[in-house]
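Values in this document were obtained by computation on a predicted structure and should not be read as measured data. Per chain, numbering begins at 1; letters A, B, ... match sequence-line order.
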Amino acid sequence: MSERYDFVSIEARAKSKWAPEMYRVSEDRQARKFYCLEMFPYPSGALHMGHVRNYSIGDVLARFLRMNGYNVLHPMGWDAFGLPAENAAIQHGTHPARWTWSNIAHMKSQFGMLGTSYDWDREVTTARPDYYRWTQWLFLLMYGRGLAYRKRAAVNWCPKCATVLANEQVEGGLCWRCDSAVGLRELEQWFLKITDYADRLLSDLDRLPGWPERVRTMQENWIGRSEGVELVFPVAGTGEPIPVFTTRHDTVYGATYLVLSPEHPLVDILLARHPDPETAAFVRRARATDPSRRTDEDLVKEGIATGARALNAFSGEEIPIWIGNYVVHAYGTGAVMGVPAHDQRDLEFAGKYGLPVRVVIQDPGHTLTASTLREAYVEAGTMVASGPFTGLPNSEGKERIADFAEKHGLGQRRVNYRLRDWLISRQRYWGVPIPVVYCDHCGIVPVPEDQLPVVLPLDIEVAPGPSPLAQLDAFINTHCPSCGGAARREVDTMDTFIDSSWYFLRYCSPGDQERAFDPRKADYWMPVDQYTGGIEHAILHLLYSRFITKVVHDAGLLKVDEPFVRLLTQGMVVHHGAKMSKSKGNVVSPDLLVKQYGADALRLLILFAAPPEKDLEWSEAGVEGASRFLQRVFRVVTAHAEEEDGPGSSLDGAAEELVRFVHRTVKRVSEDVGRRRSFNTAISALMELTNAIYRYRDQVPRPHRAATTEALEKLVLMLAPFAPHLGEELWERLGNKGSVHLQAWPGYDQHLAASGDLIVVVQVDGKVRERLTVPAELGMVEVQVLAMASERVQAHLAGKTIQRVVAVPGKLINIVTS
RNA sequence: GCCGGGAUGGCGGAACUGGCAGACGCAGGGGACUUAAAAUCCUCCGGGUUGACGCCCGUGCCGGUUCGAGUCCGGCUCCCGGCACCA
């Protein structure tokens, strides 16, 4: 009666064997370092399947690289500030801190359950003063470098979260967290000048070949660089300059009007000069439209003439100035020139309001006429009706007009970005206090570094409505660090994305009391060699982290200026075709699965079922398959271990073939996990090896002892990163001492892996007609002779003339007939 | 509209540099063991055709390059993701 695979006791035994110091690391300049990082979780309550996937990937890599001799930094922590804690506090009458700490405790125990290999000595928690003190320090660093500033602006406001949001956190006009429609509010808020870094954030994407194309493209789109010219149109009569940004300055002779955004400062000036109730009403209405509807495609393009005119210095004409609801104030200069013939939007606008259309770029194919133009012509062509530039190809005209504008003070070349500065103020309690006080005498005064942290008071009541900080006099009232007089503290907290945009630096020296991170240690560990996390952070967290890293680099505190060398964005875990969520009722609990099948089976399945970057459709049957495989491994190792020791039968052909198979598998798995990060194929290779071992043992009366031991030991070593508990158990049962996770990754003999019999395909005219099993050492000339001798091949060659023979060594022979 | 990614058996997927399409697993059919079941093992499993050996077709669609295309090129269709009155 053979023993069954009892994962409950095996996993408990393995865990009891693992000491915390097993994965503890320090800087070792002799060893090759590897920083293996997974996005730390928000402590929302419990780990879900998405987490299991994320952290299984990271754990396999960390264990694999450790076995390969790397000094692996593999830390974990908690992105612990955030709104859900406040909402939970309101709902359940608890405190955000208590809710957060208890979630962390539970989730940490779940990590233990999964058997992940973290250096827990490096645990960071963003909501603890020993961490957020340095988040505040980072803010001061940026303030000192002119990268943090306060500005009154119309900002995104989520009514449900009762706070403002950064542009990146508004998705299609809706709040990224709660999907409420976002409105606009005119508020004075703190911003970080990420736009100063727009160019570098864009161009340095080229230095990230280890990132998925998809993510780089998304960041590229988000930054939205466009090259053009800012042309100045003076107001006729008064001469006030109206700069407009355009990428089509080659069409400037076709500009027949200007359009200002409703928020443009000149609008109020012109209105004051020529009061008109209709225009005033239009402006009021346009300004009140919230941003979610403003960028709506269905928004009707509307405008109104101001009556004022501006000079088109190129054509010498005076053209009307309009106000239009479709002009985005925050982009460019908030004013555009209207060229109906060569811009679809302008053509529609001109059509609606009877503005003149003038063709200035001619289609080389067929001649365009302004009166019959139904679609704007936006392709390349020859410039016409464009003064001295007439006759030029428009691409050349573009350069000439830009040169001309710069020479005559009519405008300048400019680069514009879609990216906006990062709004970081949040009208919420559970976050990092912005370390600033407001003094009637001195104005905005940053809290000096030696007075950090500005502690978030914990003795508060969280209730719906405004942040409790804003009502807490004991917090608000303070002294000015500069003049000592009475002053008020900033009551807003920081966007929690700041917390997570530098945590990878803190992991390098988590206990440092003197500074955010020790540069010597950070320079050792950074950059993160492999970062794993969800695609949903393609812009948000990943762009912010790149920005902060560059700032810290520029401050001379860090050698690297890109944080993540290689990025793996894992796909979602879906169930019944939809992302798992409580509201859809399709959630599968990892705890339950661990109870039913064990952590090893769960980890194995989640890596086996799909390549890491693809979405994974959850299947209950799959986990049974994974469990079945582990049982097969368990049974064969146990059977072998129980067999009498001894030489077994001699090293015959079958045993030799097994050894070759082992070496081939080690090669495959090493490449799949190491170079390709292809865990699903690595696991399938391990399954094939297991099948081969079974086949061998069935084939011979007494298996060759050494060959079988080698096969099983290597199988167990390679399985260990995926199924760490079973790996540990079986390593011991094979008679080995010490943890399997501290062993060296098995090597393989290149020659052995490439030796043995192989199958060469013989084609006639590209169609497979024969498969020859030949020794790998056999030359292709000999193989060709065998191929020609084949009856089947001969049958297909009957009556044909051989024209040529293509031979691919070790693979195929193709006999081509005429 | 622009940009990026994708489409392979009943299902998840494999085929890495142009060289055996469907590895590995799931589901299913048949069988062995068993009083029976579970577990385990063996076997079949893209379509058509054949008594059989085989032969023909087949990687979203149309065409091309090549001795040879799931893979490369051109043109489409559909799906997913990002951006979008950004001038």
Can you identify which nucleotide, out of [options], has its nearest atom closest to the [X] side chain?
| X | options | result |
| --- | --- | --- |
| A:Thr681 | B:rA15, B:rG19, B:rC86 | B:rA15 |
| A:Arg676 | B:rC20, B:rC3, B:rA15 | B:rA15 |
| A:Ser684 | B:rG19, B:rA23, B:rC20 | B:rA23 |
| A:Ala621 | B:rC24, B:rC20, B:rA27 | B:rA27 |
| A:Arg418 | B:rC16, B:rG82, B:rC86 | B:rC86 |
| A:Leu812 | B:rG19, B:rC86, B:rC20 | B:rG19 |

Mark yes or no: A:Arg345 above the aromatic ring of A:Tyr326, with NZ or CZ under 6.0 Å from the six-membered ring centre and no more than 45 degrees from the axis.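 Geometry flag: not set, cation outside 6.0 Å or 45°.
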
Using OP1 and OP2 only, check whether a side-chain N or O of A:Tyr417 sits under 4.0 Å from B:rC86. no

Scan A:Gly224 against the nucleic acid and name what it touches under 4.0 Å (heavy atoms): base, sugar-phosphate only, or nothing.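 The residue A:Gly224 makes no contact with any strand.
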
Reckon A:Ser678 touches a base, only the sugar-phosphate, or nothing at all at heavy-atom distances under 4.0 Å?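 Touches nothing.
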
Measure from the ring center of A:Trp422 to the ring center of A:Phe497 and say whether it is less than 6.0 Å. no

Do A:Tyr353 and A:Tyr257 have ring centres separated by under 6.0 Å? no

Do the side chains of [Y] and [X] get nearer than 4.5 Å, heavy atoms only?
| X | Y | answer |
| --- | --- | --- |
| A:Arg771 | A:Thr773 | no |
| A:Ile693 | A:His640 | no |
| A:Leu607 | A:Ile57 | yes |
| A:Val762 | A:Arg769 | no |

Name the pairs: protein N/O against N/O of nucleotides 56-60 of chain B, kept only if under 3.5 Å.
from: B:rC56; atom 1: OP1; to: A:Arg769; atom 2: NH2; distance (Å): 3.1
from: B:rC56; atom 1: OP2; to: A:Arg769; atom 2: NH1; distance (Å): 3.1
from: B:rC57; atom 1: OP2; to: A:Lys767; atom 2: NZ; distance (Å): 3.1

Look at the side chain of A:Arg675 against the base of B:rC16 and say whether a donor-acceptor pair falls under 3.5 Å; ignore hydrogens and angles. yes

When the nearest nucleotide of RNA chain B is assigned to A:Val170 and to A:Val336 on a heavy-atom basis, which residue is associated with the more 5' position?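 Counting from the 5' end, the first nearest nucleotide belongs to A:Val170.
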
Closer to the 5' end of RNA chain B via nearest nucleotide, is it A:Thr246 or A:Met218?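 Its nearest nucleotide being more 5', the pick is A:Met218.
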
Nucleotide by nucleotide, nucleotides 65-72 of chain B touches protein heavy atoms under 4.0 Å in the pattern (B base, S sugar-phosphate only, - none) --B-----

Any chance you could list the contact pattern along nucleotides 4-13 of chain B? Use B for base contacts, S for sugar-phosphate-only contacts and - for none, protein heavy atoms under 4.0 Å, 5' to 3'. S-------BS

What is the separation between atom CZ on A:Arg345 and atom C1' on B:rA87, rounded to the nearest whole Å?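 About 5 Å, once rounded to whole Å.
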
Please list, for nucleotides 37-41 of chain B, all pairs of protein and nucleotide N/O atoms separated by less than 3.5 Å.
from: B:rU40; atom 1: O3'; to: A:Arg635; atom 2: NH2; distance (Å): 3.3
from: B:rC41; atom 1: OP1; to: A:Arg632; atom 2: NH1; distance (Å): 2.3

Reading RNA chain B 5' to 3', what string of ( ), [ ], | and . shows its pairs, if Watson-Crick and G-U wobble pairs count only when both distances fall under 3.5 Å? (((((((..(((......[....))).(((((.......))))).((((....))))..(((((..]....))))))))))))....

Would you call B:rG9 syn or anti, using the 90° rule around 0?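 Here B:rG9 takes the syn form, which means its glycosidic angle is within 90° of 0.
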
What pairs of nitrogen or oxygen atoms, one from the protein and one from nucleotides 51-53 of chain B, lie under 3.5 Å apart?
none

